[in-house]
Each structure stands twice: as C-alpha cells, then as structure tokens.
Amino acid sequence: MANQQISGMGVHHIALRCSDLERSLQFYCQGLGFVQLYAWGEGDGRICMVDVGDGAILEMFAAGKDTGVVVPESEAGKFFHLAFRVDDVQQAYDRALASGAKSKAEPKVIPIQAQPHDITLNAAFVYGPDGEVLEFFKML
C-alpha cells in the first residue's frame, strides 16, 4: 500500500558505523554477496553504499583518527540513521516537522564525487520522537 501522506516513501538505506570499513566490506560483499554501488572519501573518511540484493542499501561509514571521528568500541557496529527515499525531500521534511519532529539538517542538494561515477542527492535529517535520526533522501 502506498503512503498517502508522503509520495514515493520507502526505505532507501540504513547507515552503519564501521570500526574497520575494509573488514566490513569484505564481510558484506564477499561473504554475504552484497554489491558495492558507490564509494567516496578517503581513508577513515570513506563511505560506501552497497546493495543488499533487492535494491535496499546499506551505507557504511569508516571513522577514525584521520577525520577526528573515532568510533568507540561501544558505538561500532551500531546503525545510526534510517533513510527513507521520497519523491519530494522538502515536503517530507516539512511534514515531519509539522508532526513533531525536530530538525537536524534542512534539505540540501549534495553533489558527491564518487566511484564508479559522481552522484547528486537531496537529503534532510530530523530527530524522531525518541531522538532517532531519520533522513529523507532522493537521488537526483
């Protein structure tokens, strides 16, 4: 059944913090058969999106001393935001705020130099009722 409030709503990706991105990529891609779609950044700032097999995406974030973002052992392996694909990021963001969400980041178009080719996306972030981070996401 289609969402009647926000057009095109569906799960786009779940974001995972990785203490060792290469180890995680090996596990998910070689071990479980996921396919790498995009990668950008360098070293401890690297980010990869992998297709789990049905079009759903796992976005993996490396973190460490190069970026100033060190993932404590207690945080590694935790999912830290849930991204919903939508037809209209601004409309979804506005609807969430009107429904009681708190803003984390207003809608923004983001060009990314990625491999195998550059991508552009539109994204906004809100905090849900329990502080969970939700992203409204559209590939452009």
Side-chain angles (χ1 to χ4, degrees):
M1 177 184 301
N3 185 313
Q4 300 300 306
Q5 301 296 323
I6 300 173
S7 175
M9 175 73 83
V11 173
H12 184 272
H13 67 264
I14 297 174
L16 175 66
R17 290 197 192 279
C18 303
S19 62
D20 182 335
L21 181 60
E22 291 308 318
R23 181 184 66 197
S24 293
L25 279 170
Q26 183 174 10
F27 172 78
Y28 286 105
C29 294
Q30 294 174 2
L32 301 183
F34 294 13
V35 175
Q36 185 171 312
L37 299 173
Y38 304 106
W40 61 93
E42 295 180 12
D44 290 336
R46 191 162 173 225
I47 301 170
C48 295
M49 285 187 163
V50 296
D51 185 322
V52 304
D54 66 352
I57 294 172
L58 175 63
E59 184 179 31
M60 295 186 286
F61 287 73
K65 62 182 184 278
D66 290 352
T67 60
V69 179
V70 177
V71 178
E73 189 172 317
S74 63
E75 293 299 313
K78 290 187 178 179
F79 295 97
F80 67 99
H81 73 255
L82 175 59
F84 296 103
R85 73 175 175 275
V86 295
D87 289 337
D88 184 332
V89 171
Q90 185 69 54
Q91 187 256 344
Y93 175 80
D94 291 344
R95 175 87 187 171
L97 295 181
S99 299
K102 303 296 182 209
S103 178
K104 177 173 172 49
E106 294 181 0
K108 181 178 180 181
V109 173
I110 306 165
I112 298 174
Q113 293 180 338
Q115 297 300 323
H117 57 80
D118 293 351
I119 57 175
T120 302
L121 56 96
N122 187 4
F125 293 84
V126 299
Y127 295 104
D130 288 314
E132 66 275 23
V133 177
L134 307 176
E135 179 181 9
F136 301 113
F137 183 99
K138 182 175 183 177
M139 293 286 282
L140 301 177

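Quantities reported herein were computed from a predicted structural model and do not represent experimental measurements.
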Distance from [X] atom [atom1] to [Y] atom [atom2], nearest 0.5 Å?
{"X": "R95", "Y": "S7", "atom1": "CZ", "atom2": "OG", "answer": "13.0 Å"}
{"X": "R85", "Y": "M139", "atom1": "CZ", "atom2": "CE", "answer": "13.0 Å"}
{"X": "H12", "Y": "K138", "atom1": "NE2", "atom2": "NZ", "answer": "11.5 Å"}
{"X": "L25", "Y": "Q36", "atom1": "CG", "atom2": "CD", "answer": "5.5 Å"}

Is V11 reachable from V52 through a run of I, L, V, M, F, W or Y residues, each pair having side-chain heavy atoms under 4.5 Å apart?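 Yes, V52 connects to V11 through the hydrophobic network.
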Is L82 reachable from L97 through a run of I, L, V, M, F, W or Y residues, each pair having side-chain heavy atoms under 4.5 Å apart?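 Same hydrophobic cluster.
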Results of side-chain contact (heavy atoms from CB on, under 4.5 Å) for [X] - residues two or more places apart only:
{"X": "D118", "result": "Q113"}
{"X": "N3", "result": "Q5, I6, M9"}
{"X": "A96", "result": "A101, V126, F136"}
{"X": "T120", "result": "V109, P111, L140"}

Could you pull out all residues at least two apart from E132 that satisfy salt bridge (Lys or Arg N to Asp or Glu O under 4.0 Å)?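 E132 satisfies salt bridge (Lys or Arg N to Asp or Glu O under 4.0 Å) with no residue once adjacent residues are dropped.
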Can you tell me which residue pairs pass the side chain to side chain donor-acceptor pair (under 3.5 Å) test with a partner in residues 49-62, sequence neighbours excluded?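 Qualifying pairs: H13-E59.
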H81 side chain reached by F137 side chain, heavy atoms, under 4.5 Å: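 No, side chains not in contact.
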Looking only at heavy atoms, which two atoms of [X] and [Y] are closest? And how far apart?
{"X": "L21", "Y": "C48", "value": "CD2-SG, 4.1 Å"}
{"X": "L37", "Y": "P116", "value": "O-CD, 3.0 Å"}
{"X": "I14", "Y": "L58", "value": "O-CD1, 3.4 Å"}
{"X": "N122", "Y": "K108", "value": "OD1-O, 3.1 Å"}
{"X": "P107", "Y": "V89", "value": "CB-CG1, 3.9 Å"}
{"X": "C29", "Y": "V50", "value": "SG-CG1, 3.8 Å"}

List, by chain and number, the other hydrophobic cluster members for Y127, where Ile, Leu, Val, Met, Phe, Trp and Tyr join if side-chain heavy atoms come within less than 4.5 Å, directly or indirectly.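 Under the 4.5 Å side-chain rule, Y127 groups with F125, V133.
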Pairs flagged by salt bridge (charged side-chain N to carboxylate O under 4.0 Å, His left out) wherever residues 27-37 is involved - sequence neighbours left out: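 Listed once each, the pairs would be none.
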By the ring pair (Phe, Tyr, Trp, His ring centres under 6.0 Å) test, which pairs, at least two apart or in different chains, include something from residues 19-57?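 Listed once each, the pairs are Y28-F34, Y38-H117.
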Does any pair with a residue in residues 82-110 pass ring pair (Phe, Tyr, Trp, His ring centres under 6.0 Å), and if so which ones, sequence neighbours excluded?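 Those involving residues 82-110 do not exist here.
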Please name all residues satisfying side chain to side chain donor-acceptor pair (under 3.5 Å) with D88, sequence neighbours left out, ordered by chain then number.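 Partners of D88 under the side chain to side chain donor-acceptor pair (under 3.5 Å) test: none.
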D20: what forms a side chain to side chain donor-acceptor pair (under 3.5 Å) with it, not counting sequence neighbours?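 Side chain to side chain donor-acceptor pair (under 3.5 Å) list for D20, sorted by chain: empty.
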